[in-house]
There are 2 protein chains.
Amino acid sequence: MRVDSRLDSQSTEATVTVPDLLERGRTLCTPLLREAVGRLAAPMDTVAAYHFGWIDRDGRPSSGDGGKAVRPALALLSAQAVGADPQTGAAGGAAVELVHNFSLLHDDLMDGDETRRHRATAWTVFGPAQAILAGDALFALATEVLLDAPDGSAIQASAAARAVRRITVATRKLIDGQAQDLSFEHRDRVTVEECLEMEGNKTGALLACASSIGAVLAGADDRTADALERYGYHLGLAFQAVDDLLGIWGATEVTGKPHWGDLRQRKKSLPVSAALAEGGKASLRLAELLADPEGRGHEDEEQLAVRAALIEEAGGRAWTQDEARRCHQTALAALDEVPMPDAVRRHFVALAEFVVVRER
Amino acid sequence: MRVDSRLDSQSTEATVTVPDLLERGRTLCTPLLREAVGRLAAPMDTVAAYHFGWIDRDGRPSSGDGGKAVRPALALLSAQAVGADPQTGAAGGAAVELVHNFSLLHDDLMDGDETRRHRATAWTVFGPAQAILAGDALFALATEVLLDAPDGSAIQASAAARAVRRITVATRKLIDGQAQDLSFEHRDRVTVEECLEMEGNKTGALLACASSIGAVLAGADDRTADALERYGYHLGLAFQAVDDLLGIWGATEVTGKPHWGDLRQRKKSLPVSAALAEGGKASLRLAELLADPEGRGHEDEEQLAVRAALIEEAGGRAWTQDEARRCHQTALAALDEVPMPDAVRRHFVALAEFVVVRER
């Protein structure tokens, strides 16, 4: 199936841009997503379609923002990395997107978030129970989509089973990561190692799966799949380090999130953990402020600015910037372990740049 | 592996009782469940272990009530139905039990239930977020347990993939059923067909999977697996019909549930739907009472007794009793489609009797 001949053509592959890759991911994976969601009984199908932005709260068709679709783009590329056509990775891209949206439906409820992608979150529209169930259903559909092998051959069935196994383990890690993140809220400090483990679980594991699942579906061996997973895992860690920096120092007008947002929520992010680990004067003062139950949750702008300055003075900001760079480099180095067409490698590099280098 | 030689021995197979079958299910499946739950990171492992009754709320070992374990017993029997040893079905029994407990963790939260198996529900002890995540994690583990084939042969891998596919579809139906059940709460009436569809999804689908998954893991063909699924599906419908009867007319001292419990909750159960469909004088009076917004949720004992009497007068009780018998018979008839050892068939029949004929 040739959906976008421009991307299949060897001669113009060099001119493909990141928006092209993202668009291709959407084009090949969205039909599978819609078909899968169409299997759900009422009212689950409505909740899921609303969450994906396909309908508005009154059931009218909508062209809502379905997210950046980085994961589908990576899944298609990973099929190409082992010489298959992008279409081979489409079921993997759809499955990863289903798991991602399963976690968003549950996380929005657990975190009490009322908006996502500039729309009211599903739980605020349909109630908590339907949001939980819709998430559960998307998780089930992810497995189904992978096992709906187009021709049902034994080779494809075995590749699909391997893909299911990898995405299931990744999903369990994602769940572990969210549980760790929530449990950190009740602690005054977490170590840098704990924070990295949580972020690797919460963000790294599914990006790792997205970056390898197309190759797995194309029958790649475990060594190749593992190398592609390392690319995605470190890409996830780099993304998360940048996210942690933006959560404190990101400009509100760019991120759309409140100033000092993560400090206000007392989030145990990387800059905070690294600053607390440093142990110098600013580090100790920061620890005192964070452990003080007085005024908790009611800090004013000035108090939050003091904390941000202490984190910076204790080296938390610089350490996290270095960590983002290190992870970005480790991700790119993993690509060198897999022989792949130059154009595909350049696309992986361009997507990594897109994911890591950003202001929001 | 011979865990219980008494059950493997052909000569004494005839003396095996239902408690023996349930105990064997627990004995073979619990180690797999514990191993799976042990893979979870803290704090998820604690939440799951508490839910299964292995530890108390302070983390001390406990021998809590883990449920009747009917599903594991069925999974082992279904392996024996196609000539395999019970152990072949153990991963299937563990997987079905993980899915069942995933749904209990989420349902207890959605329904606001504060006790289960005489203990505080997980969400009341660890909070809603951890209960949601623990449920999600058990769902993931169900797939993992099936794909952890002991010898990794191609035949086993293909059988495991087929088992994953069946349990995933069953889980999606279970989720659909819970969503339908919740959506019925906001309606004055549902048809008998809608009620049967909901109950088939919520209870039938997973019992169907439990009754066939051992055979699927043993390499049975789809025709055999489908026949065993029909047994389990109708067993589920019969169980649910009896549950609906007990929900209205069950003796509180036996069920442990409040008198007229389902009527108090205005549950759209089978006796109610059947009575409303009848259309006679009692049926119309019942419809009036149920549609009346006045005093909703504050009905006294006497008002509830009037409703129970109207349901009975309109034939709702008798119809549901007949339906339970019909489904029980249909379940047993499905067994005749599968050639299996006589002793195995007798055990299936005994388990069906155990599931359907009960007072609580």
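In what follows, every chain begins at residue 1, and chains take the letters A, B, ... in the order their sequences are listed.
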Which heavy atom of A:Leu147 sits nearest a heavy atom of B:Val164, and at what distance? CD1-CG1, 3.7 Å

Taking all heavy atoms of A:Met44 and all of B:Ala179, pick out the closest pair and write down the distance. SD-CB, 3.1 Å

Can you tell me how far CD1 of B:Ile175 sits from CG of A:Leu40, rounded to the nearest 0.5 angstrom? 8.5 Å

How many angstroms lie between atom CD of B:Gln130 and atom CD of A:Gln178, to the nearest 0.5 angstrom? 8.5 Å

Against chain A, label B:Ala134 side chain, backbone, both or neither, depending on which of its atoms sit under 4.5 Å from a heavy atom there. neither

Are there more than 12 heavy atoms of other residues, nucleotides or ligands under 6.0 Å from atom NZ of A:Lys173? no

Using 4.0 Å as the upper bound for N to carboxylate O, is an ion pair formed by A:Asp136 and B:Arg172? no

Does a sphere of radius 6.0 Å around CZ in B:Arg187 hold more than 12 heavy atoms from other residues, nucleotides or ligands, not counting ones at 6.0 Å or beyond? yes

Considering only heavy atoms, which portion of B:Val47 lies under 4.5 Å from any heavy atom of chain A: side chain, backbone, both, or neither? neither

Note, B:Leu133 side chain near A:Met110 side chain (heavy atom, < 4.5 Å): yes

Could you list the residues that satisfy salt bridge (charged side-chain N to carboxylate O under 4.0 Å, His left out) with B:Asp222, not counting sequence neighbours? B:Arg162, B:Arg166

Mind checking whether A:His106 and B:His106 have parallel, tilted or perpendicular rings, split at 30° and 60°? perpendicular

Residues A:Arg165, B:Thr143; criterion side chain to side chain contact (heavy atoms under 4.5 Å, CB included); working and verdict: CA-CA 8 Å; A:Arg165 195 190 175 111; B:Thr143 303; over 6 Å; no

A quick test of your reading: do over 12 heavy atoms of other residues, nucleotides or ligands sit less than 6.0 Å from NZ of A:Lys202? yes

Nearest heavy-atom neighbours spanning A:Leu182 and B:Ala129: CD1-CB, 3.5 Å

Nearest-0.5 Å distance, OG1 of residue B:Thr171 to CG of residue A:Leu141: 11.0 Å

B:Leu174 versus chain A, the contacting section by heavy-atom distance below 4.5 Å: neither

Testing the basics here: between B:Ala41 and A:Gln180, what is the closest heavy-atom pair and its distance to 0.1 Å? CB-NE2, 3.7 Å

